Every structure is written in structure tokens, then in C-alpha cells.
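Sequence positions, counted from 1, serve as the residue numbers for this chain. None of these values were measured; they are calculated from a predicted model.
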Amino acid sequence: NAVRRRLLKSNALATTQTPVKEDSTLEFSSPSLKEKIELLLDSKARRQMIVDKATAAGYSIIWQGRLDDKCITNGDLLALGAGTSARNSMPKVENDNKK
């Protein structure tokens with residue numbers, strides 16, 4: 001029962017949404033990386049590509065609706081891109097360990 005309570009408690013904490021800070025900004029040490037990210041996020045086609053790749057990698061199709069409704073944030077897109085990249089690299093790492 002103690003394990004069950006701990007699991008339920010951690011699940012409840014994981015499902016709690018973190019409020020979005022309106023003044024949160026990304027900090028870059030490289031001006032060229034900052035420029036590349038800004039170009040990426042300003043492009044409608046690239047925003048669509050991020051969502052397409054993310055849903056193909058297993059993220060919810062709800063992100064397509066948020067993109068269509070213009071409710072998706074730049075932070076959402078960056079997280080989807082980073083998460084998709086990580087998910088796509090995991091099988092490669094697992095296969096390398098089997099050699």
C-alpha cells in the first residue's frame with residue numbers, strides 16, 4: 001500500500017501543469033544559434049515540420065490542433081523538436097549496445 005500511495009502521489013505531481021511564465025526567454029551564448037532558432041520558429045513550414053515529425057515520433061496529435069489554432073508556443077515547438085530528436089536517437093543507442 002505504501003508503494004501504491006507513492007506511485008499515485010508521483011503520478012498526481014507529474015500531471016500537474018506548470019504555469020507558463022510570460023517573461024521567460026531563452027539565453028544563447030552563440031548569436032548564430034539564436035539566429036537559427038529565430039528563423040526556424042518564424043517559418044510556418046518549419047513549424048509544421050516540427051509538429052509532423054513529433055507526431056510521427058509518438059507525440060499526441062493534439063499538437064497539430066494547437067498549431068492550426070495558433071495556440072502552440074515557441075517553447076512547445078522547441079520542446080517537441082528536442083524530444084523528437086531524443087526519441088529518434090534512442091533506438092540507435094540501443095542497437096549500438098547490442099553489438
Side-chain angles (χ1 to χ4, degrees):
N1 279 338
V3 172
R4 184 175 182 270
R5 279 193 303 269
R6 247 184 303 159
L7 288 173
L8 290 173
K9 183 178 179 182
S10 66
N11 189 31
L13 291 174
T15 59
T16 304
Q17 288 188 348
T18 304
V20 176
K21 293 181 186 176
E22 294 299 324
D23 62 344
S24 64
T25 59
L26 289 175
E27 294 181 26
F28 293 89
S29 63
S30 166
S32 62
L33 285 178
K34 181 179 180 179
E35 182 182 349
K36 287 181 189 292
I37 289 296
E38 288 171 348
L39 288 172
L40 175 85
L41 295 173
D42 287 341
S43 167
K44 185 177 179 179
R46 290 184 177 146
R47 293 167 71 88
Q48 182 65 59
M49 184 177 64
I50 292 169
V51 172
D52 289 345
K53 296 288 185 182
T55 54
Y59 283 93
S60 173
I61 59 171
I62 197 168
W63 293 108
Q64 181 60 54
R66 289 185 180 175
L67 181 65
D68 294 342
D69 295 340
K70 297 182 173 127
C71 295
I72 200 166
T73 66
N74 287 344
D76 293 334
L77 289 164
L78 292 173
L80 287 170
T84 299
S85 178
R87 283 185 180 191
N88 288 340
S89 66
M90 283 184 207
K92 184 186 278 188
V93 171
E94 290 171 8
N95 289 338
D96 289 345
N97 289 338
K98 291 180 182 178
K99 289 182 181 177

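In terms of the side-chain contact (heavy atoms from CB on, under 4.5 Å) criterion, residue partners of S43 (sequence neighbours excluded) are, by chain and number, A45, R46. The side-chain contact (heavy atoms from CB on, under 4.5 Å) search around D68 returns Q64, not counting sequence neighbours. Residues passing the side-chain contact (heavy atoms from CB on, under 4.5 Å) test with K36: none are found, sequence neighbours excluded. Judged as a side-chain hydrogen bond (donor to acceptor under 3.5 Å, both in side chains), and not counting sequence neighbours, the contacts of S30 are S32.
A 4.5 Å side-chain heavy-atom check between L26 and N74 finds every atom pair outside the cut-off.
Atom-to-atom distance recorded for D42:CG and I37:CD1 is 11.0 Å, nearest 0.5 angstrom. Distance CG/L33 to CG/L40: 12.0 Å, rounded to 0.5 Å.
For I61, the CD1 atom sits in a loose shell: 12 or fewer heavy atoms of surrounding residues, nucleotides or ligands are nearer than 6.0 Å.
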Quiz item: When you look at T73 and D76, which way does the side chain to side chain donor-acceptor pair (under 3.5 Å) test go after all the steps?
Solution: CA-CA 5 Å; T73 66; D76 293 334; 3.1 Å; yes

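In terms of heavy atoms, R47 sits closest to L41 at NH1-O, 3.0 Å.
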With a 3.5 Å cut-off and sequence neighbours excluded, list the donor-acceptor pairs that the side chains of residues 49-59 form with protein atoms.
{"unit_1": "D52", "atom_1": "OD1", "unit_2": "Q48", "atom_2": "NE2", "d": "2.8"}
{"unit_1": "T55", "atom_1": "OG1", "unit_2": "V51", "atom_2": "O", "d": "3.1"}
{"unit_1": "T55", "atom_1": "OG1", "unit_2": "D52", "atom_2": "O", "d": "3.0"}

